[in-house]
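Predicted model, so just to flag it, every value in this text is computed and none were measured. Chain naming here is simple, since letters A, B, ... match the order of the sequence lines and numbering starts at 1 in each.
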There are 2 protein chains.
Amino acid sequence: MKISTKGRYGLRAMVDLGVYSKNEPVSISSIAERQQISDSYLEQLFGKLKKAGLVLSIRGAQGGYQLARKPEEISVGDILRVLEGDLMSVTCGGDEEEHSCQASDYCVTKYVWQKVHEGIIAAVDHLLLSELIEQSKGFHGGC
Amino acid sequence: MKISTKGRYGLRAMVDLGVYSKNEPVSISSIAERQQISDSYLEQLFGKLKKAGLVLSIRGAQGGYQLARKPEEISVGDILRVLEGDLMSVTCGGDEEEHSCQASDYCVTKYVWQKVHEGIIAAVDHLLLSELIEQSKGFHGGC
DNA sequence: AGAAATCCGAGTAAATTAGTAGGAGTTGAA
DNA sequence: TTCAACTCCTACTAATTTACTCGGATTTCT
């Protein structure tokens with residue numbers, strides 16, 4: 001079980017965006033260069049982040065992206081949910097309701113996934129982008 | 001982010017094994033039938049569980065598997081770690097140490113994965129197989 | 001002897017992930 | 001007013017991982 005590059009790259013990119021945001025928007029290519037991520041792949045991620053309302057875009061030359069909210073109002077969970085989909089599916093069998101436990105909404109392993117889900121959510125929803133940005137500023141960028 | 005069939009099937013199988021353990025060993029084929037999982041796939045999973053010391057095997061006719069420890073001494077985390085590998089890799093870049101953060105053992109996103117990891121571990125290590133077995137007995141098997 | 005089981009490793013099909021490519025539309029500035 | 005720097009969008013492909021299957025060897029009870 002691990003987080004995909006979407007989540008990893010996206011989170012780094014959002015931190016980068018926070019760190020390098022002045023008054024002007026930040027371009028994807030500058031983030032990509034600093035973070036050593038492919039331009040076109042990052043584009044895709046920002047498409048999702050924009051659609052989810054976490055960033056704003058300014059088109060055209062000298063355009064780029066900005067955080068849509070203050071970084072203390074964006075949690076790591078917000079970001080990861082957009083990029084990773086559900087952080088932990090809670091269904092028992094697979095993605096959909098299974099024949100073997102259709103009637104009862106109870107099921108042993110579902111209980112387990114529920115607990116794991118709660119653990120993850122508690123962690124990521126209490127971590128704010130602002131914290132990461134501050135830390136990152138102190139520590140000279142990096143991965 | 002989700003748990004693969006290895007983890008899901010394996011957990012169900014371990015609960016099943018606990019529920020149906022009397023004095024005799026329980027065969028893979030019987031578990032597979034009750035849980036609607038392919039025999040040969042389950043075999044693989046039990047291979048891992050055995051190697052990890054969570055189950056014992058008895059070979060030959062009328063052979064099968066038994067829990068290696070009392071179910072209250074086996075946590076869900078024990079099982080999932082065996083079947084899923086690390087529950088959450090904590091490295092920042094990918095699987096290995098990356099050039100971009102080799103020197104400092106600090107890195108912003110690594111901090112995030114660490115927190116997520118702690119959340120997951122806290123959840124699964126406090127859930128005991130015995131609890132699931134008891135619940136499952138009450139609720140007529142199922143997924 | 002023979003059936004019922006574990007054991008073991010190789011092979012494969014399907015799904016997902018990761019990343020590319022190409023081009024259309026937008027805008028600021030020379 | 002043209003050009004370059006951007007976002008935006010969608011389709012495609014390569015690589016990796018997952019989810020199995022298959023065949024056979026070995027062990028052991030009856």
Side-chain angles (χ1 to χ4, degrees), chain A residues 1-13 17 20 23-33 35-66 68 80 82-86 89 93-96, chain B residues 1-13 17 20 23-33 35-68 80 83-86 89 93-96:
Chain A
M1 184 164 57
K2 65 178 210 283
I3 289 203
S4 70
T5 57
K6 285 201 195 74
R8 289 190 278 115
Y9 290 179
L11 188 53
R12 279 164 56 194
L17 176 55
Y20 289 93
N23 292 331
E24 296 138 19
V26 179
S27 73
I28 280 190
S29 58
S30 71
I31 297 176
E33 192 177 7
Q35 297 295 327
Q36 303 269 59
I37 299 170
S38 123
D39 271 49
S40 31
Y41 197 44
L42 253 195
E43 258 180 30
Q44 287 187 5
L45 304 185
F46 271 92
K48 292 188 178 200
L49 292 167
K50 183 188 174 178
K51 207 167 141 194
L54 296 180
V55 298
L56 301 176
S57 69
I58 288 124
R59 303 190 65 172
Q62 278 66 54
Y65 289 89
Q66 293 173 329
L80 294 182
V82 167
L83 298 172
E84 296 283 328
D86 275 339
S89 76
D95 296 328
E96 323 208 344
Chain B
M1 185 165 57
K2 64 180 212 283
I3 289 201
S4 70
T5 58
K6 285 201 194 74
R8 290 189 276 115
Y9 289 0
L11 188 54
R12 278 163 57 192
L17 177 54
Y20 288 94
N23 293 331
E24 297 137 18
V26 180
S27 73
I28 279 189
S29 58
S30 72
I31 297 176
E33 192 177 7
Q35 298 295 327
Q36 303 271 58
I37 299 171
S38 123
D39 272 50
S40 30
Y41 196 45
L42 253 194
E43 257 179 32
Q44 287 188 5
L45 304 185
F46 272 92
K48 292 188 177 198
L49 292 167
K50 182 188 174 176
K51 206 166 141 195
L54 296 180
V55 298
L56 301 174
S57 69
I58 289 127
R59 302 190 63 172
Q62 276 67 55
Y65 289 90
Q66 293 172 329
L67 294 176
L80 293 182
L83 298 172
E84 295 283 329
D86 276 339
S89 75
D95 296 328
E96 324 207 346

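Between the C1' atom of D:dA19 and the NZ atom of B:K6 lies a distance of 7 Å, rounded to the nearest Å. Atoms CG (B:D39) and P (C:dA4) sit 13 Å apart, rounded to a whole Å. Atom pair B:E24:CD and D:dT28:C1' shows a separation of 16 Å (rounding to whole Å applied). Here the C1' atom of nucleotide D:dA5 and the OH atom of A:Y65 are 13 Å apart, to the nearest Å. Put simply, CD on A:Q35 is 14 Å from P on C:dG19, counting in whole angstrom units. In this structure, OH of A:Y41 is placed 19 Å from C1' of D:dT7, rounded to the nearest angstrom. Taking atom CD1 of A:I3 as the reference point, atom C1' of C:dA18 lies 16 Å away to the nearest angstrom. Remark: P of C:dT20 and CG of A:L45 are 12 Å apart, rounded to the nearest angstrom.
Closest to the side chain of B:I28, out of D:dC29, C:dT6, D:dA4, is C:dT6. Relative to the side chain of B:Q62, the nucleotides D:dT21, D:dT7, C:dA4 differ in distance, and C:dA4 lies closest. Picking from D:dA19, C:dC7, D:dA5 the nucleotide with the shortest atom distance to the side chain of B:S4 gives D:dA19.
To the nearest 0.5 Å, the span separating CG on A:L42 from CZ on A:R12 amounts to 9.0 Å. With rounding to the nearest 0.5 Å, the separation of CD1 in A:I31 from CZ in A:F46 is 4.0 Å. Rounding to the nearest 0.5 Å gives a distance of 8.5 Å between CG of B:L45 and CD1 of B:I28. In this structure, the separation between CD on B:E43 and CD1 on B:I37 is 13.0 Å, given to the nearest 0.5 Å.
Under the rule for a side-chain hydrogen bond (donor to acceptor under 3.5 Å, both in side chains), the partners of A:E84 that lie at least two apart in sequence or sit in another chain are A:S4. Taking B:K6 as the reference, nothing meets the side-chain hydrogen bond (donor to acceptor under 3.5 Å, both in side chains) condition, with sequence neighbours excluded. Applying the side-chain contact (heavy atoms from CB on, under 4.5 Å) test to B:S40 and every residue at least two apart in sequence or in another chain returns B:S38.
Between A:T5 and the phosphate of C:dA18, there is a side-chain N or O to OP1/OP2 separation shorter than 4.0 Å. Checking the phosphate oxygens (OP1, OP2) of C:dG19, a side-chain nitrogen or oxygen of A:Y9 falls inside 4.0 Å. For A:S38, no side-chain nitrogen or oxygen approaches OP1 or OP2 of C:dA18 to under 4.0 Å.
When all heavy atoms are compared, the tightest approach of B:D39 to B:S29 is OD2-CB, 3.4 Å.
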Heavy atoms under 4.0 Å is the rule here; annotate nucleotides 9-15 of chain D 5' to 3' with B where the base is hit, S where only the sugar-phosphate is, and - elsewhere.
B-B----
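Contacts between residues 48-59 of chain A and DNA chain C, defined by a heavy-atom separation below 4.0 Å, involve A:R59, listed by number.
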Please tabulate, for the side chains in residues 51-63 of chain A, all donor-acceptor contacts under 3.5 angstrom to protein atoms that are two or more places apart in sequence or on a different chain.
from  : atom 1 : to    : atom 2 : distance (Å)
A:S57 : OG     : A:K50 : NZ     : 3.0

